[in-house]
Amino acid sequence: AKETGRNNFQFYTSEMNERALERLRIEGDLRNALERNEFVLYYQPQVDLRTREIVGVEALIRWQHPEFGMVPPIRFIGLAEETGLIVPIGAWAIQEACRQCKKWQKEGLGHPRVAVNLSARQFTQQDLVDCVAAALNETGLAAEYLEIELTESLVMADVDHAIGILRELKALGVQLSIDDFGTGYSSLSYLKRFPIDVLKIDRSFVNDITIDPDDAAIVASIISLAHSLRLQVIAEGVETIEQLGYLRKHECDQIQGYFFSRPIPAEAMGRMLQDGHRL
Ligand code: C2E
Ligand code: CA
Ligand code: CA
Ligand code: CA
């Protein structure tokens, strides 16, 4: 037993060292990734349930690592937050999403909004509003086509600060949405005070709507709550026709998920817009 214990201990230390080393590697690489142009944005369509048309796209970052291949955000966003690198990376993502959206418009591919995710660290950065304004100015994208996705925990961390920033962003003319709605620590009374346009129902509720009556009830309630507050609702993570049916019955406005499309590269997204691809 003692021996097993010692072996286990050795096993764990070497594994931990390896992890620590990999982390150091990634951190170092992360610092250079922007200069080397290694980040890319994929786009996932959001479709309107009434018109069946693509009305928006969410920009989702990936890291095209020279050695590890396509690295998903879950592997590096946390580290980027800890190191503060999320601020320049996030600024790049806002700029790039605006540029791409404007490009689609110029090519006559319609006028979907583009949604960009914001991390907590960016939200507390001094010049966030200037950064968003600069992206719109430099790319020529009209503000109404940019949507900024925030999470409940991000806005609830410092409510007064959040309301100030959100009002400034709203004054620019951008759309604001609450991502992963229902999973965070939120207070419904604040929902009224925040100048929000859209609620995005988290995938975890949508997942089981056709099998778990509690999740079904939560989703129906969020939709009706949103509508009584004059907000739009997007259901995330829609994978099946049964889920779609439930959401349609309960008059959800838009859906996003693998059922319609996975996140795809910009060129593929452009073709989908060109083809007038519908639900
Ligand atoms: P999120 O904002 O909640 O984005 C939705 C995630 O769900 C995406 O994962 C998307 O690929 C995935 N998804 C979409 N539809 C389905 C579905 O039908 N089924 C399932 N199982 N999954 C679906 P992804 O692209 O790996 O992004 C993960 C998270 O990374 C995002 O979650 C967001 O929090 C963060 N992230 C992505 N891009 C950025 C960025 O530019 N900046 C910041 N700060 N965070 C980002
Ligand atoms: Ca999001
Ligand atoms: Ca989400
Ligand atoms: Ca999420």
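Ligands are counted one by one from 1 in listed order, and the atoms in each one are counted from 1 as well.
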Peer 1: Record the part of Pro263 in heavy-atom contact with ligand 1 below 4.0 Å; permitted values are side chain, backbone, both and neither.
Peer 2: side chain
Peer 1: Side chain, backbone, both or neither: which applies to Arg262 and ligand 1 if a contact is any heavy-atom pair less than 4.0 Å apart?
Peer 2: neither
Peer 1: Let me confirm one number: the CD1-CZ distance from Ile255 to Phe260, rounded to the nearest 0.5 Å.
Peer 2: 8.0 Å
Peer 1: I want to know if ligand 1 touches Glu149 in the polar sense, i.e. an N/O pair below 3.5 angstrom.
Peer 2: no
Peer 1: Check whether Asp48 reaches the backbone of Gln254 with its side chain - one donor and one acceptor, N or O, closer than 3.5 Å.
Peer 2: no
Peer 1: Below 4.0 angstrom from a heavy atom of Ser119, which ligand 1 atoms are there? Numbered from 1 as shown, please.
Peer 2: 44 (N)
Peer 1: Would you find a donor on one side and an acceptor on the other, under 3.5 Å apart, between the side chain of Arg278 and the backbone of Thr51?
Peer 2: yes
Peer 1: Compute the minimum heavy-atom distance from Asp179 to ligand 1 and say whether it is under 4.0 Å.
Peer 2: yes
Peer 1: OD1 (Asp180) to the Ca ion (ligand 3) to OD1 (Asp179): angle, nearest 10 degrees?
Peer 2: 90°
Peer 1: Between Glu152 and Gly182 (side chain of the first, backbone of the second, donor and acceptor by atom type, cut-off under 3.5 Å), is there such a pair?
Peer 2: yes
Peer 1: For ligand 1, is there an N or O atom under 3.5 Å from any N or O atom of Leu60?
Peer 2: no
Peer 1: Please confirm whether Tyr258 comes within less than 3.5 Å of ligand 1 when only nitrogen or oxygen atoms on both sides are compared.
Peer 2: yes
Peer 1: If only atom types and distance count, is the side chain of Gln243 paired as donor or acceptor with the main-chain N or O of Asn207 below 3.5 Å?
Peer 2: yes
Peer 1: When you measure from the side chain of Arg121 to the backbone N and O of Glu81, does any donor-acceptor pair fall under 3.5 Å?
Peer 2: yes
Peer 1: Can you find a non-hydrogen atom of Gly90 under 4.0 Å from ligand 1?
Peer 2: no
Peer 1: Under 4.0 Å, heavy-atom basis, I'd like to know which part of Gln256 is in contact with ligand 1: side chain, backbone, both or neither.
Peer 2: neither
Peer 1: Mark up the atoms of ligand 1 that fall under 4.0 Å of a heavy atom belonging to Glu58, in ascending order.
Peer 2: 2 (O), 4 (O)
Peer 1: By atom name, which N, O or S atom of Glu58 is the nearest to the Ca ion (ligand 2)?
Peer 2: OE2
Peer 1: Flag the pair Phe76 / Phe68 as yes when their ring centroid distance falls below 6.0 Å, and as no otherwise.
Peer 2: no
Peer 1: For Arg62, is the nearest heavy atom under 4.0 Å from an atom of ligand 1?
Peer 2: yes
Peer 1: For ligand 1, is any non-hydrogen atom under 4.0 Å from Asp180's backbone (N, CA, C, O), its side chain (CB onward), both, or neither?
Peer 2: side chain
Peer 1: Are the side chain of Gln100 and the backbone N or O of Glu96 linked by a donor-acceptor pair below 3.5 Å?
Peer 2: no
Peer 1: Please confirm whether the backbone N or O of Val174 pairs with a side-chain atom of Lys170, one donor and one acceptor, at under 3.5 Å?
Peer 2: yes
Peer 1: List ligand 1 atoms under 4.0 Å from Gln44, heavy atoms only on the residue side.
Peer 2: 14 (C), 15 (N)
Peer 1: Only heavy atoms of Glu239, strictly under 4.0 Å: list the atoms of ligand 1 that pass.
Peer 2: 17 (C), 18 (O), 19 (N), 20 (C), 21 (N)
Peer 1: For the side chain of Gln256 and the backbone of Val47, is there at least one donor-acceptor N/O pair under 3.5 Å apart?
Peer 2: no
Peer 1: Which is it for Ile89 and ligand 1 at heavy atoms under 4.0 Å: side chain, backbone, both or neither?
Peer 2: neither
Peer 1: Is the Ca ion (ligand 3) less than 3.0 Å from at least one N/O/S atom of Glu149?
Peer 2: no
Peer 1: What atoms of ligand 1 come within less than 4.0 Å of a heavy atom belonging to Glu236?
Peer 2: 3 (O)
Peer 1: Can you list the ligand 1 atoms lying under 4.0 Å from a non-hydrogen atom of Gly257?
Peer 2: 15 (N), 18 (O)
Peer 1: Answer with yes or no after comparing the ring centroid distance for Tyr145 and Trp104 against a 6.0 Å cut-off, counting only values under it.
Peer 2: no
Peer 1: Could you list the atoms of ligand 1 found under 4.0 angstrom from a heavy atom of Val238?
Peer 2: 18 (O)
Peer 1: Give the cluster check for Leu34 versus Val71: same hydrophobic cluster or not, with ILVMFWY residues linked at side-chain heavy-atom distances below 4.5 Å.
Peer 2: yes
Peer 1: Would you confirm whether Asp197, through its side chain, and Leu176, through its main-chain N or O, come within 3.5 Å as a donor-acceptor pair?
Peer 2: yes
